[in-house]
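One structure below.
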Amino acid sequence: MTDLKSIDKTYIANTYARFPLELISGKGSIVKDETGKEYIDMGSGIGVTAFGIADDVWKAAVSEQLGKLQHMSNLYYTEPCALLAQMICEKTGMKKVFFCNSGAEANEGMIKAARKYAAEKKGADYYTIVTLENSFHGRTLTTLAATGQDHYHELFQPLTPGFVHAPANDLEAVKKAALSNKTAGIMIECIQGEGGVIPLEEDFVKGLALFCKEQDILLMVDEVQTGNGRTGKLYAYMNYGIEPDIISTAKGLGGGLPLGAVIFGEKTEYTLGAGEHGSTFGGNPVCCAGALSILSRIDDSLLAEVKQKSKLVFDALQGAKGVEAVSGMGLMIGVKTVKPAAEVVKECMEKGVLCLTAKDKVRLLPALNIPEDVLMKAVETIKAVCAEDEA
Ligand SMILES: *Cc1c(COP(=O)(O)O)cnc(C)c1O
């Protein structure tokens, strides 16, 4: 074990089961370890480095802002966060943005807004948020409560009250859960990410949107993982032809710097007032300058490329030896393998390809601009590993 690995094991809290790999540097979709060995990065963090590692355009935007003003409190106006909010609203038709630093924090803001909206509209007892079984919404006590997977809850009781879980793709069950509680909002991931890269069914999502509208229950979409071009649309809800009342996003938005956002539609744009929510670091000018460079490049042609590359991956892996199923959308792809996913990931790493897992799937979240030849080289490695007999 190198010094660094033992220092890390001694001093870093035990919350992460790290791979035995120290990463030093990279460029685009290639990353190098401490021995100089190169890997194709099929995870981009966990869907974070949207345009790869040390992307030149992003780096220039970030560096320029870093030399001007790295932080000011939210007591003052700064240009990058205002322009980024404008860009997000113009590209989505939503009305206002609140910036924070992570996905869980974005979901917390979204939940606060939903509770206040419902309290004002219907009464303070309308605080329940219905979420889906097998969902993932973060690791704070409130977003854990929102997460519809019991094993995350067990050790951390009591969680924030007011969350009810209902089965995904069962519209009647979700309606029943919402109507038998005094419900403020229904919160979904259009594609369950940590849950195994499982897209929700279109009829279910459309039915849910209609129900929410009829009942004046807020439709809350967690786009932390699916957002910012990942699924071949700017936001995953756009694949379903629905209009959320409120959206949370993070991961890919900052291109590798911490940035989250709550995006408010018409119903909630004025819900949170001065002093009712805030974040010291939220809307950081360096993070926002980088995000502006990212979001301005997620245009129709980039999104068309994401879809086209997605099709190449699906075509190569569907029906391949050792592959049971391929799920997902765009460059958010889950591969159900015959071998345990963790073993596939380990063998791919040895062969120079870094993949992720999600439950029992191998999860692929490469950079949106990964070159086609690099992508297909990684896919060939994954295919070969899946086809080999178990070690
Ligand atoms: C990753 C993730 C979160 C949590 O984001 P953090 O930045 O880790 O707090 C929330 N929701 C979804 C759907 C995610 O994928």
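FYI, the numbering just counts along the sequence from 1. Just so you know, ligand 1 is whichever comes first in the structure, and atom 1 is the first atom listed for that ligand. All values below were derived from every heavy atom in this structure, side-chain atoms included, with hydrogens, water molecules and symmetry-related copies excluded.
- Scanning the protein for heavy atoms near atom 6 (P) of ligand 1, the closest one is Gly103 N, 3.4 Å.
- Close N/O approach between Gly138 and ligand 1 is not found [any backbone or side-chain N/O within under 3.5 Å].
- For Ala250, no heavy-atom contact with ligand 1 is shorter than 4.0 Å.
- Counting heavy atoms closer than 4.0 Å to ligand 1, residue Arg139 contributes nothing at all.
- Among Arg230, Gln192, Glu189, Glu194, the single residue meeting the side chain to side chain donor-acceptor pair (under 3.5 Å) criterion with Gln225 is Glu194.
- Panel note: side chain Thr268, backbone Thr271; no donor-acceptor pair is recorded below 3.5 Å.
- Checked by distance only, ligand 1 and Asp222 come closer than 3.5 Å through their nitrogen or oxygen atoms.
- A distance-only check finds a donor-acceptor pair linking the side chain of Asn134 to the backbone of Gly195 [under 3.5 Å].
- No N or O atom of Glu189 sits closer than 3.5 Å to an N or O atom of ligand 1.
- By the neighbour-count criterion of 12 heavy atoms within 6.0 Å, atom OH of Tyr127 is sparsely surrounded, having that number or fewer from other residues, nucleotides or ligands.
- Set against the non-hydrogen atoms of Ala104, the atoms of ligand 1 under 4.0 Å away are 4 (C), 5 (O), 6 (P), 9 (O).
- The closest donor-acceptor contact from the side chain of His165 to the backbone of Ala145 lies under 3.5 Å.
- Separating the OG1 atom in Thr337 from the CG atom in Asp360 is a distance of 8.0 Å, to the nearest 0.5 Å.
- In the vicinity of Lys251, heavy-atom distances shorter than 4.0 Å reach the ligand 1 atoms 1 (C), 2 (C), 3 (C), 14 (C), 15 (O).
- The Ser102 neighbourhood of ligand 1 comprises atoms 7 (O), 9 (O), with distances under 4.0 Å to a heavy atom of that residue.
- Ring planes of Phe281 and His71: perpendicular class, angle over 60° (limits at 30 and 60°).
- Because its NZ or CZ atom is not both nearer than 6.0 Å to the ring centre of Tyr152 and within 45° of the ring axis, Arg139 does not count as a cation-pi partner of that residue.
- In this structure, atom 8 (O) of ligand 1 has no protein heavy-atom contact shorter than 4.0 Å.
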Checklist entry - Step by step, would you call Asn228 with Tyr235 a side chain to side chain donor-acceptor pair (under 3.5 Å)? => result CA-CA 6 Å; Asn228 312 301; Tyr235 290 100; 2.7 Å; yes

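- Neither the backbone nor the side chain of Thr143 has a heavy atom within less than 4.0 Å of ligand 1.
- For ligand 1, the atoms lying closer than 4.0 Å to a non-hydrogen atom of Asn107 are 10 (C), 11 (N).
- Remark: ligand 1 atoms within the under-4.0 Å shell around heavy atoms of Gln225 are 15 (O).
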